[in-house]
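Convention: sequence-line order gives letters A, B, ...; per-chain numbering from 1. Since the model is a prediction, treat every value here as computed from it, not as a measurement.
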Amino acid sequence: MEYNFREIEKKWQAEWQRKGVYKVPNESPRPKYYVLDMFPYPSGAGLHVGHPLGYIASDIYARFKRLKGYNVLHPMGYDAFGLPAEQYAIEHGIHPAVSTAANIANFRSQLDKIGFCYDWDREVNTSKPDYYKWTQWIFLQLFDSWYNRRTQKAERIDALKAIFEKEGNKQHPCPGDAVLCFSAADWNAFDEKKRMDVLMEYRLAYCGYGEVNWCEALGTVLANDEVVNGVSERGGHPVVKKKLRQWYLRITEYADRLLEGLEKIEFSEAMKEMQTNWIGKSSGAEIDFALKSEQSVVKNLRVYTTRPDTIFGVDFMVIAPELDIVEPITSAAQAAAVEAYLDYVKSRSERERMAEKKITGVFTGAYAINPFNGREIPVWISEYVLAGYGTGAIMAVPCGDERDHRFARHFSIPVTNIIGSYYNGEEANPTKDAVLENSGFLNGLRMKDAIEVVISKLEEMGIGQRKTNYKMRDAAFSRQRYWGEPFPIKWINGVAYPLDESELPLKLPDVDSYSPGPEGEGPLANIKEWTDRQLETNTMPGYAGSSWYFLRYMDPHNSKAFCDRKVSDYWGQVDLYIGGTEHAVGHLLYSRMWTKVLFDLGYIGHDEPYKKLVNQGMIQGSSRFVYRIRGKHEFVSEGLKNKYDTDKIHVDVNIVDGVELDIEAFKQWRNGEYANATFILEDGKYICGTEVEKMSKSKFNTVNPDMIVEKFGADTFRMYEMFLGPVEMSKPWDTKGIEGVHRFIKKFWRLYADENKGLIVTNEKASDSELKVLHKTIKKIEEDTERFSFNTAVSAFMIATNELNDLKCHKRAVLEPLLILLTPYAPHVCEELWSLLGHTDTILEASYPVFEAKYVIESSKEYPISVNGKLRTTLNISLEVSQPEVEKMVLSNEVVQKWLEGKHPKKIIFVKGKMINIVV
RNA sequence: GCCCAGGUGGCGAAAUUGGUAGACGCACCGUCUUCAGGUGGCGGCGCCGCGAGGUGUGCUGGUUCGAAUCCAGUCCUGGGCACCA
């Protein structure tokens, strides 16, 4: 009886499906556990061996929890809306729904081969109307809500209207337009349009004009997290700032709660920090400086600072060039210079601005007055001050701020020192510990203490107040694209009205052309029937559907609600979420916000979607290179390449064995492009160069899991991916080492079955040493699985197998529990052996108290004894073993004291049960 | 520049609380089974040394009976943020 993995895996995958063993009920007496993978975007490239890493880890954990008696929700689906499918449609004229469906079918067949325990009845697809109906519905809830800062939660727009009717907006300053202020009488006098415009400034999903990241090549707007180094994350196209009508999510209102929420969820410190930095909370003060300018139209300059304590060290002011007040404050003498500078700023792309941080700027001719000593402070403009943060203006304190210092140096502005010896005249010192000098009423105060003093004084004088700022901006929520959820919004006389719930889903219409519509509008603007209905022509961004999919899995077929409240109360939070770090400031922030809104509105009972997040590392590709002699059709082996002038060419890793090139395969590669190539070998072999890079088709370093599964089986593949190293770590794929894991499974199989004799498991009573192996392994596997140390768990299986092999143990009493233990890791082979052992239920249905086992033996052993770390002698000591590895030595004080000639031991240390050290 | 994580054999790595460093696997070497290849079995395998022995977790110090692990400094690698006042 051989280990025929191909047959076994096919058979059991079919059997599991036939029996529906992965179906999960929404009601159960068992405790619940929710294990979730970040669902994939079904790209045309299919899966490579890097993709399933997290899926395998979550699958092992889900199966493990199931074995331990939990009702485990472990679903999978597709994040199916998105740019690549649309780009493909533009290029090939194929409807995105068609190419997406094909990609999904391909993904599914690849996933199925690996033997995951997903409940496929719960599959979601964000591009299906019965799914995006609810994405649209949630959007309408966002549209119909505002954030009440007093109660710190989202509330209905109707409640806000009622407040306005009674008292205007005094109690609820407008988040969208800080200066908007009206009384009840004003409100009641507003016409319909004005009222709707005002409400728009409060809505959690709102439409407004704003500077957006416009990508010409993609013809759409991108969110901040989709722009990397001034180019688009997808495709690397240039991105410019543009003012456009856009939809936004008012995520900034949730900044504090998103920050506080981090404290009660298990994310890695790195992940929490990324989110914290992205939110970028800082506290300080806004200060109004009186302004002295020729035209004196603008009387005040409001700046934001985190360091009001340095106010006596202000040597100049800087305002962002984009600010409206630049023109009115500019003096006649400086007008030309200012205009030239504004032209220069406009000419610079976002990219250039980021790439070369030149010190530039120009004096406006205006002066601000320091309220405490009446000093006249020159006002400059410079691009290093951002219009979008704070007030777009700063007070510059060169002795305490590095950027201000460089600026002062560059333009020869004299520096006032307010921190004495803390400032060396060479570089700024941002300390808060210095005792202030040259600082009027603050002299002699420590800077950190002065902050409060200044703010109180400013407030008293009515020229400043405490202020908190965030780096995070509201999230751009519209895309000028076709392949996304249409907004359930219609425009009547320039006012956005929500569609009625009964009109959902608003289905995405078919189009003839996927090219953009007029004036930065999406393809939907080209459809007459659509524009006739006055429907919004933008669509939602990729992260809309993924912001709530974890809820839909709970109740995927519900046509009455996005998810029944009873069901979401049962499943609650995702207990374990596995995925990459790349979504740190996108999906993981948006989905947290949506969850909080749904919680505030009473649709769900928890306000954080994920209890614990594990970030799996990336599996990198290990690229192989051949060296072609320039101008010839001849290739030289790696060790000899320096003797020639060569070009380094990527070669398919799949035709290289380790580093040795399969020359015949190479000749046939790429339709025989190199059929006539000649080779300069070393020791009769062609050796390739290697490099670790990102796994990608263009680098020919992708390894297809189908191929690995075909050659070694899914069980080997699963275990090998885990064996590579810790789940969280990035590591290069190396097919070579898989042999070791494959050997292990074959060896494991041979404990149960012999090639000629068939099943060789006996019903004999297990010996002490055999039981010790078993129980040691149970403990180790349980601990390792629980702490996601899957690589050491695999090692523990190998050790157990080797030890049982040495003991020639073929006893059911040992092998049957071991089988259960291995099931999460290698389900197919375990299922087959389980059935060979005569079980009629599947191993997944079996309940087996394997983790409750205990075992006690007693024995005695010779132990080395050392005193103060120095080896002295050996002693025969009796020991007790209860539970594997927990070895208690019986070593009485009298014995030791006698042996130490009456001295009392300070401490007796047992070193891994193998040595005893006595400290005196 | 700032923040975070990490540096252990030829390679992937282990060491859960400070306790025999290198488990487990790959590669390699020897050996047995075999006509042969593959499979499988046995043994070896940090470095220096024939050996006894010495030495060893990026580097320099420190704490400790005892440090890969804790502390200070330093170098390197990976990741994140980057004019956020």
**Student:** I want to verify a distance call: between B:A85, B:G40, B:A14, whose nearest atom is closest to the A:S282 side chain?
**Tutor:** B:A85
**Student:** Name the nucleic acid region contacted by A:K467, choosing base, sugar-phosphate or nothing; use a 4.0 angstrom heavy-atom cut-off, strictly under.
**Tutor:** nothing
**Student:** Nearest to the A:M798 side chain among B:C24, B:A85, B:C42, which nucleotide is it?
**Tutor:** B:C24
**Student:** Ignoring the backbone of A:K747, work out which of B:G41, B:C26, B:A85 is nearest its side chain.
**Tutor:** B:G41
**Student:** A:N802 near the nucleic acid: base, sugar-phosphate alone, or nothing, with a heavy-atom cut-off under 4.0 Å?
**Tutor:** sugar-phosphate
**Student:** In whole angstroms, how far is the P atom of B:A85 from the CE atom of A:M447?
**Tutor:** 15 Å
**Student:** Can you measure A:I738 atom CD1 to B:C11 atom C1' for me and round it to whole angstrom units?
**Tutor:** 17 Å
**Student:** With the side chain of A:A270 defined as its heavy atoms from C-beta on, choose the nearest nucleotide among B:U16, B:A85, B:C4.
**Tutor:** B:C4
**Student:** With a 4.0 Å cut-off on heavy atoms, is A:E402 in touch with a base, just the backbone sugar-phosphate, or nothing at all?
**Tutor:** nothing
**Student:** Flag yes if more than 12 heavy atoms outside A:E402 fall under 6.0 Å of its CD atom; otherwise flag no.
**Tutor:** yes
**Student:** B:U17 and B:U69: how far apart are their P atoms, nearest whole angstrom?
**Tutor:** 14 Å
**Student:** Distance check needed: B:A13 P versus A:I799 CD1, whole Å only.
**Tutor:** 18 Å
**Student:** With a non-hydrogen cut-off below 4.0 angstrom, is A:P726 in contact with a base, only sugar-phosphate, or nothing?
**Tutor:** sugar-phosphate
**Student:** Knowing that exactly one of A:D784, A:I781, A:I60 qualifies, which makes a side chain to side chain contact (heavy atoms under 4.5 Å, CB included) with A:F790?
**Tutor:** A:I60
**Student:** Could you work out which one of B:A85, B:U16, B:A13 sits closest to the side chain of A:K731?
**Tutor:** B:A13
**Student:** Quick one: A:N791 CG to B:G25 C1', roughly how many Å, whole number?
**Tutor:** 11 Å
**Student:** Over how many whole Å does the gap from A:K736 atom NZ to B:G10 atom C1' extend?
**Tutor:** 13 Å
**Student:** Output the rounded distance in Å from NZ (A:K471) to C1' (B:C83).
**Tutor:** 10 Å
**Student:** Checking contacts here: which listed nucleotide (B:U16, B:A15, B:A85) is nearest the side-chain heavy atoms of A:T792?
**Tutor:** B:A15
**Student:** Under 6.0 Å between the ring centres of A:Y720 and A:F717?
**Tutor:** no
**Student:** Checking all strands, does A:N469 fall into the base, sugar-phosphate, or nothing category for heavy-atom contacts under 4.0 angstrom?
**Tutor:** nothing
**Student:** Considering only NZ, NE, NH1 and NH2 on the basic side and carboxylate oxygens on the acidic side, decide whether A:D256 and A:K281 come within less than 4.0 Å.
**Tutor:** yes
**Student:** Could you check whether A:R787 gets within reach of a base, just the sugar-phosphate, or nothing at all, counting any heavy atom under 4.0 Å?
**Tutor:** base
**Student:** Of all the choices, B:A85, B:C42, B:G25, which nucleotide is nearest to the side chain of A:F723 once you look at every atom?
**Tutor:** B:G25
**Student:** For the aromatic rings, using the six-membered ring if either is Trp, is the centroid distance between A:F407 and A:F316 under 6.0 Å?
**Tutor:** yes
